[in-house]
Amino acid sequence: MLKAVHFGAGNIGRGFIGYLLYKSGYEITFVDISKELVESINNYKRYNVIILKDNVEKEEVKNIKAIHIEDEENLSKAIVDADIITTSVGANNLKSIGKKLINYLKIRKANIDKPLNIMACENALFATNILKNSILEKGDKDFIDYVNQKIGFPNTAVDRIVPNVDIKKELPIDVAVEDFYEWDIEKKAIIGDLNIKGVELVADLEPYIERKLFLLNGAHATTAYLGYLKGYKYIHEAIEDDFIRNIVYKMQEEASSALSKKHNIKIDNLREYSNKVIKRFKNSYLKDEVVRVGREPTRKLSGNDRLMMPAKLCYEIGITPEFILYGIAAGFLFDYKEDPQACKIQDDIKNFGLEKTISKITGLEENSDLLHEIVKKYKELKETFRKR
């Protein structure tokens with residue numbers, strides 16, 4: 001049987017990546033930092049994936065096990081035997097995972113000759129490259145040659161909404177997911193065979209990553225930040241608001257125009273994708289909270305993420321990103337008290353001023369046109385929704 005090691009046993013790991021690997025015949029070993037989660041997986045050895053739609057479906061994933069990330073002996077054995085290694089740990093944790101993998105891959109090199117593919121399944125541009133670079137960073141020539149010959153590092157684009165929905169579960173590790181999913185993998189970087197049901201192998205991944213990042217993740221964040229300002233609890237409520245939906249539609253249109261020009265994609269195909277995204281946001285079964293979708297605003301408002309990237313691309317090719325900038329401005333008004341990044345942004349605005357804070361997080365120069373437009377939108381939204 002094919003063997004998979006997946007770092008990150010959270011909702012995405014279990015409800016998306018682990019689910020598809022299991023359906024493709026892989027025996028899955030999850031690796032996680034949470035001792036409680038590792039113990040639960042080893043105790044139940046199975047979980048259910050609850051698919052949220054009109055007729056709720058339940059699919060079982062079984063014969064699974066888990067290893068704590070500090071359990072070096074068992075982790076080493078699992079990595080030596082693995083046919084595939086995947087991650088869903090958050091892009092910020094990839095470098096530390098890569099550093100851990102170095103010694104295990106050296107042990108594998110000494111014990112087995114079969115090829116291996118390693119993929120980072122994260123909401124980030126070319127995340128697998130981050131992982132690969134951290135593995136190769138301090139390697140000698142012999143190790144680097146081995147990695148280049150025997151290990152494939154395909155980049156991926158992954159898409160499935162896995163909300164923290166309050167639903168009746170048979171087991172505490174059951175996970176609820178939306179019906180839709182998409183997993184695109186960079187074909188040319190695969191070594192050997194990669195048989196995973198439901199994935200699409202693509203020649204050029206960049207258009208897929210940017211389409212998803214701009215038109216889904218950017219629209220999701222915009223819906224969340226504006227929804228938070230207007231007092232909505234859930235994404236499906238916020239997207240039904242005419243004001244919010246209009247901004248989201250128009251920011252998708254701006255981003256689509258930029259993507260069409262950059263990648264020579266038909267605008268009608270991008271509009272069809274955008275409409276599908278809006279339909280997914282309207283799924284009331286997800287009960288996806290705006291504060292979950294908007295969390296970690298420092299990351300989401302940074303220069304190489306879901307809102308600033310399409311804004312800069314639009315600006316570069318002569319499109320005014322007016323509606324994308326509404327989403328960015330709303331992100332700087334996201335003052336959710338239980339989100340440390342949101343609190344830090346609000347403290348920085350008070351202590352250093354709005355312009356310096358925007359510049360620090362987005363990477364824009366303080367005197368740039370885009371930054372001045374964000375400030376205008378911020379003041380407009382604050383005046384409209386925060387009468388204070």
Side-chain angles (χ1 to χ4, degrees), residues 11 52 123 161-167 176 178 214-255 274-275 277-302 305-308 310-311 321-350 353-354 357-358 361-362 373-388:
N11 288 346
L52 301 168
N123 259 337
I161 297 171
V162 184
N164 295 318
V165 64
D166 184 17
I167 194 169
E178 70 166 329
F214 298 2
L215 304 183
L216 171 77
N217 297 126
H220 217 190
T222 300
T223 306
Y225 294 138
L226 291 170
Y228 178 80
L229 280 180
K230 293 201 77 173
Y232 292 111
K233 184 175 182 181
Y234 297 116
I235 291 293
H236 71 265
E237 296 171 335
I239 200 62
E240 293 290 0
D241 182 291
D242 290 342
F243 173 82
I244 295 173
R245 191 173 61 255
N246 182 55
I247 288 179
V248 173
Y249 270 133
K250 288 181 176 175
M251 68 82 63
Q252 285 181 317
E253 192 71 14
E254 290 167 353
S274 295
N275 290 335
V277 163
I278 299 294
K279 187 178 178 183
R280 291 166 65 194
F281 291 176
K282 291 181 178 183
N283 184 348
S284 60
Y285 296 102
L286 294 180
K287 288 191 165 48
D288 205 4
E289 295 192 2
V290 297
V291 292
R292 185 200 77 84
V293 177
R295 69 188 174 189
E296 299 180 356
T298 302
R299 174 170 62 87
K300 289 172 180 172
L301 297 168
S302 66
D305 215 285
R306 62 208 66 199
L307 289 167
M308 280 307 307
E322 181 180 354
F323 294 93
I324 298 172
L325 297 184
Y326 272 117
I328 296 168
F332 282 97
L333 284 161
F334 182 67
D335 60 0
Y336 183 53
K337 298 292 187 289
E338 293 182 36
D339 188 308
Q341 288 189 11
C343 293
K344 178 70 167 63
I345 287 174
Q346 300 312 308
D347 287 344
D348 284 354
I349 290 171
K350 286 174 190 168
L354 181 59
T357 304
I358 294 174
I361 289 169
T362 64
E373 287 302 314
I374 293 168
V375 170
K376 284 182 191 174
K377 298 282 191 290
Y378 174 96
K379 290 178 178 176
E380 178 188 333
L381 290 173
K382 187 172 183 179
E383 176 64 26
T384 304
F385 298 115
R386 289 296 173 88
K387 306 291 184 184
R388 63 185 182 189

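Just so you know, residue 1 is the first one in the sequence shown, and it goes up from there.
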Heavy atoms of Ala238 and Gly227 approach each other most closely as CB-CA, 3.8 Å
Ile361 vs Phe332 side-chain heavy atoms within contact, under 4.5 Å: yes
Measuring from atom CD1 of Ile239 to atom CD1 of Ile244, what distance do you get when rounded to the nearest 0.5 angstrom? 7.5 Å
Rounded to the nearest 0.5 angstrom, the CZ-CD distance for Phe323 and Glu253 is 11.0 Å
What distance separates Asp288 CG from Arg280 CZ, expressed to the nearest 0.5 Å? 10.5 Å
Hey, are the side chains of Lys279 and Lys282 touching, using non-hydrogen atoms and a 4.5 Å cut-off? no
To the nearest 0.5 Å, atom CG of Asn123 lies from atom CZ of Arg299 at 7.0 Å
Which heavy atom in Ile161 sits nearest to a heavy atom in Glu178, and how many Å separate them? N-OE2, 2.9 Å
For a side chain to side chain contact (heavy atoms under 4.5 Å, CB included) check, start with the C-alpha distance between Thr222 and Gln252, then their side-chain angles and the critical distance, and finish with the verdict. CA-CA 10 Å; Thr222 300; Gln252 285 181 317; over 6 Å; no
Are side-chain heavy atoms of Leu381 and Tyr326 found at a separation under 4.5 Å? yes
Measuring only between side-chain heavy atoms, which start at C-beta, is Asn164 closer than 4.5 Å to Asn11? yes
Start with the C-alpha distance between Tyr234 and Glu289, add both sets of side-chain angles, then the distance that settles side chain to side chain contact (heavy atoms under 4.5 Å, CB included), and finish with yes or no. CA-CA 4 Å; Tyr234 297 116; Glu289 295 192 2; 3.7 Å; yes
With side chain to side chain contact (heavy atoms under 4.5 Å, CB included) as the test, would you mind laying out the steps for Val375 and Leu354 before giving the verdict? CA-CA 7 Å; Val375 170; Leu354 181 59; 4.0 Å; yes
Please check this pair: side chain of Thr357 against backbone of Asp348, looking for a donor-acceptor N/O pair closer than 3.5 Å. yes
Spacing of Asp335 atom CG and Ile345 atom CD1 [to the nearest 0.5 Å]: 10.5 Å
Is it true that Asp347 and Lys344 make a salt bridge, defined as a side-chain N closer than 4.0 Å to a carboxylate O? no
Non-hydrogen side-chain atoms of Tyr378 and Ile328 separated by less than 4.5 Å: no
Decide yes or no for Asp241 and Lys230: does some side-chain heavy atom of the first lie under 4.5 Å from some side-chain heavy atom of the second? yes
Minimal non-hydrogen separation, Val162 against Ala176, with atom names: CG1-O, 3.5 Å
Looking at every non-hydrogen atom in both residues, tell me the closest pair between Leu307 and Ile324 and how far apart they are. O-CG2, 3.4 Å
Expected output: side-chain Lys300 to main-chain Val293 donor-acceptor under 3.5 Å: yes
Find the distance between CG (Asn283) and CD1 (Ile278) and round it off to the nearest 0.5 Å. 13.5 Å
What are the two closest heavy atoms between Tyr249 and Asn275, and how far apart are they? CE2-OD1, 3.8 Å
Short side-chain donor-acceptor distance under 3.5 Å, Glu240 and Tyr232: no
Do the side chain of Tyr228 and the main chain of Tyr336 share a donor and acceptor less than 3.5 angstrom apart? yes
Pro297 and Gln341 have their tightest heavy-atom pair at N-OE1, 3.4 Å
So, do Tyr225 and Leu333 sit near enough that their side-chain heavy atoms are less than 4.5 Å apart? no
From the list Lys377, Glu373, Lys250, side-chain contact (heavy atoms from CB on, under 4.5 Å) partner of Glu322 resolves to Lys377
Would you say the side chain of Glu237 lies within less than 4.5 Å of the side chain of Lys287, judging by non-hydrogen atoms? no
